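Working notes, beginning with the structure itself.
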2 protein chains.
Amino acid sequence: MPEPRSRRDAVRNREAVFAAADALFAEGGSPEDVTMAGIAAAAGVGKGTLFRAFGDRAGLLRALYGARLEPLREAVETGPPPLGPGTPPRERVRALLDAALCFKVDNRHLALALEESGGASPYAADHYRSWHGLLKSVLEQLPGWAGSGHASFTAHALLAAVRADLVERLVGEDGVPREELRAQLGAHVARLLDGAADTRPAHD
Amino acid sequence: MPEPRSRRDAVRNREAVFAAADALFAEGGSPEDVTMAGIAAAAGVGKGTLFRAFGDRAGLLRALYGARLEPLREAVETGPPPLGPGTPPRERVRALLDAALCFKVDNRHLALALEESGGASPYAADHYRSWHGLLKSVLEQLPGWAGSGHASFTAHALLAAVRADLVERLVGEDGVPREELRAQLGAHVARLLDGAADTRPAHD
DNA sequence: TAAAGATACGGACCAGTGGTCCGCTTTGCA
DNA sequence: TGCAAAGCGGACCACTGGTCCGTATCTTTA
């Protein structure tokens with residue numbers, strides 16, 4: 001079944017909506033100040049179009065987030081070390097969390113909006129499931145972790161440390177510099193994985 | 001200045017509102033199904049009364065949460081070990097987190113509602129500040145942690161591991177038993193603090 | 001190129017929320 | 001018992017996410 005190509009105006013509008021929403025989120029205000037009507041207006045589009053294209057607010061946010069996340073996802077799935085598959089597990093865990101942190105820092109407002117969107121906890125989202133699954137499986141490759149039954153919870157706990165609202169609090173409000181935060185997280189991971197307090201920040 | 005005692009009907013209503021809201025949250029549904037009008041109706045009270053007494057939704061939630069948290073707060077501040085002040089730091093950190101976890105499990109819906117309430121991130125709330133401050137100061141009593149500059153971030157990361165929505169996901173959706181979760185958290189803390197994977201659950 | 005059928009548009013509209021307001025009741029004090 | 005003042009409560013408001021359907025646009029076919 002050849003999936004029917006979208007009409008040209010449809011893709012144009014979809015693009016416009018993405019750009020507008022992205023701009024509105026990036027421009028700083030609180031996530032709930034970015035309203036559906038506002039996005040529609042900024043994109044020069046009717047509200048109906050928004051809802052037909054994305055279903056609901058959460059759908060729009062997911063789509064945007066997914067698009068932003070795409071490069072990182074690819075780097076993780078089929079890229080070179082330290083993010084890609086061919087990396088020793090200890091190093092990869094650290095790289096993954098560092099990447100997640102950087103992403104959250106750079107897309108704080110969007111991530112924040114997504115996490116507090118629509119009732120369903122962020123833990124139900126596909127992207128969370130996949131990050132957690134990956135992190136868990138990498139943790140299980142560490143010596144002594146394989147059958148311990150702790151990998152899953154540890155993965156949750158590590159991801160919790162880079163939650164968007166915590167990041168926003170630390171970076172946005174407390175003014176912790178990005179590199180400082182990366183160093184802290186790196187040390188945290190190191191301490192957790194092998195008890196040694198290696199405080200070097202993860203490399204780029 | 002003798003603070004003017006509230007009128008009798010005022011305190012009666014305040015009490016009724018507390019009880020009603022508490023019941024509605026406890027009875028299970030999603031936090032946003034518990035509406036201000038609903039609480040007012042359940043308490044046999046007008047909406048205006050709610051807003052005058054608590055300011056806004058967030059205020060009501062904070063008040064309820066505070067009341068629920070009171071016994072635990074007291075146990076932590078002036079109680080006997082392992083929660084109270086006279087406890088060795090390693091043990092106390094574990095006890096604090098265990099207590100926080102249990103509290104969140106028992107009051108999931110209320111905690112969830114509070115955390116996602118009203119725009120302001122949960123990290124702005126007083127009770128979060130105080131828990132974080134305490135945890136941080138206890139961490140700093142551990143050998144090697146005093147001037148490391150890692151205590152604050154570690155405290156944030158540990159508290160993130162007992163976030164209400166994570167707890168809700170694990171206990172409420174994935175069906176992880178309470179004791180299992182406590183054991184996981186205990187192991188997590190132990191691993192973080194001294195690298196040893198001590199998997200015994202914290203005692204009551 | 002013209003006409004028709006399908007697809008998408010978009011703004012008026014709806015339901016439900018948090019929050020406000022003000023005439024009326026209750027309370028506490030003299 | 002009288003009388004301020006404090007408190008009450010439901011009608012009301014602003015605003016949100018979400019729906020609907022007549023209309024404009026696009027694509028295809030002759």
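So you know, we letter chains A, B, ... as the sequences are listed, proteins then strands, and number each from 1. As the structure is a computational prediction, the values presented were derived from the model and not from experiment.
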Is it true that the side chains of A:His132 and A:His156 contain a donor and an acceptor less than 3.5 Å apart?
yes
Tell me, please, the opening and closing nucleotides of DNA chain D, 5' to 3', among those with an atom under 4.0 angstrom from a non-hydrogen atom of chain B.
D:dA5 to D:dG10
Between CZ of A:Phe51 and C1' of C:dC14 the distance, given in whole Å, is 13 Å
Using whole Å, what does the distance between atom P of nucleotide C:dA8 and atom NZ of A:Lys47 come to?
21 Å
Report the residue (A:Gly48 or A:Met36) whose heavy-atom-nearest nucleotide on DNA chain D is the more 5′ of the two.
A:Met36
B:Thr49 near the nucleic acid: base, sugar-phosphate alone, or nothing, with a heavy-atom cut-off under 4.0 Å?
base
Under 4.0 Å, heavy atoms only, any strand: does B:Arg12 hit a base, just the sugar-phosphate, or nothing?
sugar-phosphate
When you measure from the side chain of B:Asp98 to the backbone N and O of B:Arg94, does any donor-acceptor pair fall under 3.5 Å?
no
Whole-Å gap separating P (C:dG18) and CG (B:Asp33)
11 Å
Under 4.0 Å, counting only non-hydrogen atoms across every strand here, what does B:Arg7 touch: a base, just sugar-phosphate, or nothing?
base
To the nearest Å, give me how far apart CG (B:Asp9) and C1' (C:dT25) are.
10 Å
Between A:Arg191 and B:Thr154, a side-chain donor and acceptor under 3.5 Å:
yes
Indicate whether OP1 or OP2 belonging to C:dG18 is found under 4.0 Å from a side-chain N or O atom of B:Arg57.
yes
Rounded to the Å, how far apart are A:Glu32 CD and C:dG18 C1'?
12 Å
Can you tell me if A:Arg52 touches the phosphate of C:dC9, counting only side-chain N or O atoms and a distance under 4.0 Å to OP1 or OP2?
yes
Could A:Glu15 and A:Arg12 be called an ion pair, given the rule that one side-chain N must be under 4.0 Å from one carboxylate O?
no
Should A:Lys104 and A:Glu115 count as an ion pair when the cut-off is N to O under 4.0 Å?
yes
Can you spot which of B:Pro85, B:Pro89, B:Pro88 makes a side chain to side chain contact (heavy atoms under 4.5 Å, CB included) with B:Val138?
B:Pro89
